[in-house]
Colleague: 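Please read through the structure below; I'll follow up with questions.
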There are 2 protein chains.
Amino acid sequence: MRLSIIWRPMCPTPALTTSLRRSGERLTRPRKSVAVLIDQRDGHFTSADLVSDARRKGVPVGRATIFRTLELFAELGVVERIDLPTGEHAYVVCEPAHHHHVVCSSCGRTTEIDDAGLEAMTASVEERTGFRIDRHRIELFGLCAECREQDGR
Amino acid sequence: MRLSIIWRPMCPTPALTTSLRRSGERLTRPRKSVAVLIDQRDGHFTSADLVSDARRKGVPVGRATIFRTLELFAELGVVERIDLPTGEHAYVVCEPAHHHHVVCSSCGRTTEIDDAGLEAMTASVEERTGFRIDRHRIELFGLCAECREQDGR
DNA sequence: GTTTTTGCAAACCATTTGCAGGGTC
DNA sequence: GACCCTGCAAATGGTTTGCAAAAAC
């Protein structure tokens, strides 16, 4: 006798899946699976992380689909691709509106920050350089409060 | 009769080569060649750019050496690796001290900017998030004055 | 029923590495 | 002369792609 195990996706946090619905993208099972895998992550993650998560948990999603779904989520603005200081590419979940992150170098957890004086900064740069700034990449790295406490610093 | 053409490096802008001398690194001909290739560039460039420049100009430098030399220059702080909005990796020449760039999306030229209110920004973020920031990546993209003028905007 | 998405494997591309020979100090 | 650097070609690792089968609308 042979048991076939059907993997059933848990209900993912709405943010990722509703963004699909709202944008008219098809809500397929593999995409839901990727959403679940992302939700089960804490902090930033790489595409390779998701691939191995999927394998380990027996979630039936192909490598290519994970890449394609991450790209899609990035287009929708619900995840963002960031570049770690090491040069690795990683992703973080985020609100479509905000786009700056503080990343903990120890545990990898991220916090979103709002403007935080960016407006003033770009205005100052525009004035002094003659550039007109239209996009930016700002990533801050450091230790979060919890990791600082654990490390006793 | 067969003419063999010996490629002689032009004298590169001091910054790159003196940084080698000063740090005790060997001043080899391939490294000088890479320095020249970089000097002949305007704006940011990729490793692939240098490889094709070298091939086109008949400069005898191996691909691996270009990568190794770029890594070395980056360690010395005379070039910096940046990540373009497209996700491509590129390099820009820079002063060892400053580390923020404004990159023109049209012509690729970069301008270095000093602090520009960053201190205030990180202080504000530290206070509000509990993180202690120890490194950051800040890249601003936009149109430089010249390109704006040409485009009539 | 039409159109989109998936999964696989192969292709691809930038980057790294091992190693023997050559250059620099 | 000792040690470092170079070049080649092969290995690598992440990401993309072509295509037929499967799923979503």
Colleague: Can you confirm whether B:Arg41 is buried at CZ, in the sense that more than 12 heavy atoms of other residues, nucleotides or ligands lie under 6.0 Å from that atom?
Modeller: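 Count over threshold, so yes.
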Colleague: Tell me, yes or no, whether the heavy-atom count around B:Arg137 atom CZ, taken from other residues, nucleotides or ligands under 6.0 Å, exceeds 12.
Modeller: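 Yes - once you tally the heavy atoms of other residues, nucleotides and ligands closer than 6.0 Å, there are more than 12.
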Colleague: Looking at C:dT6, I'd like to know if its phosphate oxygens (OP1 or OP2) sit under 4.0 Å from a side-chain N or O belonging to A:Thr28.
Modeller: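 Yes, such a contact exists.
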Colleague: Below the 4.0 Å mark, does C:dG7 have OP1 or OP2 next to a side-chain nitrogen or oxygen of A:Thr65?
Modeller: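 For C:dG7, OP1 or OP2 has a side-chain N or O of A:Thr65 closer than 4.0 Å.
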Colleague: So, is A:Arg29 close to the C:dT5 phosphate, meaning a side-chain N or O under 4.0 Å from OP1 or OP2?
Modeller: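 Answer no for this pair, as no side-chain N or O of A:Arg29 is under 4.0 Å from OP1 or OP2.
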Colleague: Can you confirm whether A:Leu70 sits close enough to A:Phe45 that some side-chain heavy atom of one is under 4.5 Å from a side-chain heavy atom of the other?
Modeller: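 They are in contact (side-chain heavy atoms under 4.5 Å apart), so the answer is yes.
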Colleague: Among C:dT15, D:dC5, C:dC25, find the nucleotide with the atom closest to the side chain of B:Arg81.
Modeller: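 The answer is C:dT15.
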Colleague: Is it the case that the ring center of B:His136 lies less than 6.0 angstrom away from the ring center of B:His100?
Modeller: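 Between B:His136 and B:His100, which both carry aromatic rings, the centre distance is below 6.0 Å.
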Colleague: DNA chain C: B:Arg21 or B:His89, which has the more 5' nearest nucleotide?
Modeller: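 The residue closer to the strand's 5' end, by nearest nucleotide, is B:His89.
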Colleague: Ignoring the backbone of B:Ala64, work out which of C:dA9, C:dT5, D:dC8 is nearest its side chain.
Modeller: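 Of all the options, the side chain of B:Ala64 is nearest to D:dC8.
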Colleague: OP1 or OP2 of D:dG7 versus the side-chain N and O atoms of B:Arg68: is any pair under 4.0 Å?
Modeller: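 Checking D:dG7 against B:Arg68, no side-chain N or O comes under 4.0 Å of OP1 or OP2.
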Colleague: Taking only the side-chain nitrogens and oxygens of A:Ser47, find out if one of them lies under 4.0 Å from OP1 or OP2 of D:dG14.
Modeller: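 Checking A:Ser47 against D:dG14: no side-chain N or O falls below 4.0 Å of OP1 or OP2.
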Colleague: Mapping A:Ile66 and B:Ala48 onto DNA chain C by nearest heavy atom, which one lands closer to the 5' end?
Modeller: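 Looking at the nearest nucleotide for each, A:Ile66 comes out on the 5' side.
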Colleague: Is there a donor and acceptor pair closer than 3.5 Å between the side chain of B:Arg63 and the base of C:dT15?
Modeller: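 Per atom types, no contact qualifies.
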